[in-house]
Amino acid sequence: MKTTIVVHGGAWAIPDALAEASVAGVKSALWTGHAVLENGGSALDAVEKAVRYLEDDPVFDAGHGAVLNTDGEVELDSIIMDGKTLATGAISSVRNIANPVSLARAVMEKTDHVMLTDRGANMFAERIGFPAVQDLVTQTEREEWEHYKKYDVGVKELFNLQYGHDTVGAVALDSFGNVACATSTGGIRNKMVGRVGDSPVIGSGGYADNRSGAVSCTGHGESILKVTLARLILFHMEQGKSATVAADASLQYMRERVQGGGGAIVVSPTGDWAARFTTPRMAWASTNGDILFYGLNPGEEFTEPK
């Protein structure tokens, strides 16, 4: 079976100063995940590797480069899901973890639970020897946090102003016909302490099922949670809609029903894929062979050889 992987770097009003780096980052993350698939690896390994790459890139709001809450702290959320078995791992509100997606996978594989949060997640990380770090905050983020110290604006302001950093994610289909998803985020700058968005919530920030496909979502977390966006997209696909039509219909429903902006990447069990968004920009990349597809602005789809 032909493999497919799609990666996103967050749906928001990406400023021109970050545009080139955002596109370069998702391209590199894509090839990182693609290499796993090309060598016969699993979709689960591919999405984890791709998201880890983005977590390590300070351009994005996940791991290194994560935004700060009202108290000036990092709180990270992530999910990973295996479409073959529906096995899922998630973490929320963890601190000092450079690669939350890998900790989420450890929750999936080393516990009987789906999600661990806050102190418990950090305790689990310490118990299994997961490395803690102290240098996740960039100087740029510290300066931006000092500038914007209120979280009292609405979704339109958050994602139309150029300080509404957001999520990263990946979906993949491997040569065995299995799909997987992974999503990771530092949330919204100046969020309330303990605020958890959609990213680690099964069916909202991500979902993967071999019978219907895999989705990773991005955008205003509260809106995504209200419509369970990932599962809604797959519902439409189960009714026979293509990945693009399903994503567009679901994003439009979210906009009309709760006035929420966002985006999603999708892959079906046959390799049909989509990268769709209703925010000003979303950096994304995809490949189902040796051709790279990528974009940033609405309606864009560029190609280049491997």
Side-chain angles (χ1 to χ4, degrees), residues 6-12 44 47-48 50-52 54-55 60-63 66-67 75-83 86-94 97 99-105 107-108 114-117 121 155 158-159 164-172 179-188 191 194-209 212-235 246-247 250-251 253-254 258 260-267 274-279 282 284:
V6 194
V7 172
H8 74 76
W12 60 294
L44 196 67
V47 296
E48 181 187 8
V51 168
R52 279 182 64 101
L54 294 169
E55 289 173 338
F60 302 100
D61 175 22
V67 298
E75 289 183 307
L76 305 168
D77 307 327
S78 187
I79 192 171
I80 191 167
M81 186 167 185
D82 183 351
L86 303 188
T88 313
I91 54 94
S92 68
S93 299
V94 299
I97 298 296
N99 295 115
V101 70
S102 293
L103 183 58
R105 184 167 181 176
V107 171
M108 179 180 76
V114 166
M115 183 188 292
L116 294 178
T117 190
V155 58
L158 282 168
F159 288 95
H165 258 290
D166 198 45
T167 307
V168 303
V171 295
V179 298
C181 73
T183 307
S184 185
T185 192
I188 300 174
K191 62 188 177 181
R195 178 265 188 186
V196 178
D198 67 289
S199 296
V201 178
I202 188 171
S204 292
Y207 200 83
D209 185 343
S212 49
V215 179
S216 172
C217 296
T218 167
H220 184 246
E222 284 74 9
S223 296
I224 293 171
L225 283 163
K226 289 173 184 176
V227 302
T228 55
L229 184 58
R231 195 65 192 84
L232 180 61
I233 292 170
L234 291 179
F235 166 79
S250 301
L251 289 166
Y253 174 79
M254 185 171 77
V258 295
I265 54 173
V266 188
V267 66
R276 311 296 291 176
F277 55 99
T278 56
T279 52
M282 182 178 82
W284 64 271

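Just so it is clear, the model here is predicted, and its values are computed rather than measured.
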inquiry  = Whether the Ser102 and Arg52 side chains hold a donor-acceptor pair (N or O, under 3.5 Å, no angle test) is what I'd like checked.
reply    =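 Yes, because at least one side-chain N or O of Ser102 sits under 3.5 Å from a partner of the opposite role on Arg52.
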task = Scan side-chain atoms only and decide if Thr117 and Ser92 contain a donor-acceptor pair under the 3.5 Å cut-off.
result =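 Yes, Ser92 and Thr117 have a side-chain donor paired with an acceptor closer than 3.5 Å.
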Report the distance from atom [atom1] of [X] to atom [atom2] of [Y], rounding to the nearest 0.5 Å.
X: Asp198; Y: Thr185; atom1: CG; atom2: OG1; answer: 8.0 Å
X: Leu251; Y: Cys217; atom1: CG; atom2: SG; answer: 7.5 Å
X: Ile79; Y: Ser204; atom1: CD1; atom2: OG; answer: 8.5 Å
X: Ile224; Y: Leu232; atom1: CD1; atom2: CG; answer: 11.5 Å
X: Arg105; Y: Asp82; atom1: CZ; atom2: CG; answer: 8.0 Å
X: Leu76; Y: Asp61; atom1: CG; atom2: CG; answer: 8.5 Å

Where is the tightest heavy-atom contact between [X] and [Y], given as atom of each residue plus distance?
X: Ala264; Y: Thr218; result: N-CG2, 4.3 Å
X: Cys181; Y: Ala208; result: N-CB, 3.9 Å
X: Thr279; Y: Gly262; result: CG2-N, 3.6 Å
X: Val94; Y: Ala121; result: CG1-CB, 3.1 Å
X: Leu229; Y: Gly263; result: CD2-O, 4.3 Å
X: Ser223; Y: Val258; result: CB-CG2, 3.8 Å

Val6 and its side chain to side chain contact (heavy atoms under 4.5 Å, CB included) partner, picked from Val215, Val47, Val266, Ile265 =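 Output: one option passes, namely Ile265.
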Identified side chain to side chain contact (heavy atoms under 4.5 Å, CB included) partner of Ile91 from the options Ser78, Pro200, Ser184 =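 Per the side chain to side chain contact (heavy atoms under 4.5 Å, CB included) rule, the option paired with Ile91 is Ser78, out of Ser78, Pro200, Ser184.
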message = side chain to side chain contact (heavy atoms under 4.5 Å, CB included) for Val107 and Val114? Distances and angles first, verdict last.
response = CA-CA 7 Å; Val107 171; Val114 166; over 6 Å; no
Would you say the side chain of [Y] lies within less than 4.5 Å of the side chain of [X], judging by non-hydrogen atoms?
X: Leu44; Y: Met108; value: yes
X: Asp209; Y: Met81; value: no
X: Leu54; Y: Val7; value: yes
X: Phe60; Y: Glu55; value: no

request  = Look only at the side chain of Glu48 and the backbone of Val101, and say whether a donor-acceptor pair between them is shorter than 3.5 Å.
outcome  =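 Pair absent, no side-chain N/O of Glu48 close to backbone of Val101.
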request  = Determine yes or no for a side-chain-to-main-chain donor-acceptor pair under 3.5 angstrom, with Thr88 supplying the side chain and Leu86 the backbone.
outcome  =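 Yes.
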query = Yes or no on salt bridge (charged side-chain N to carboxylate O under 4.0 Å, His left out) for Glu222 and Lys191, after CA distance, side-chain angles and deciding distance?
reply = CA-CA 12 Å; Glu222 284 74 9; Lys191 62 188 177 181; over 6 Å; no
request  = Go through the steps for Thr183 and Ser199 under the test side-chain hydrogen bond (donor to acceptor under 3.5 Å, both in side chains), then give the verdict.
outcome  = CA-CA 6 Å; Thr183 307; Ser199 296; over 6 Å; no
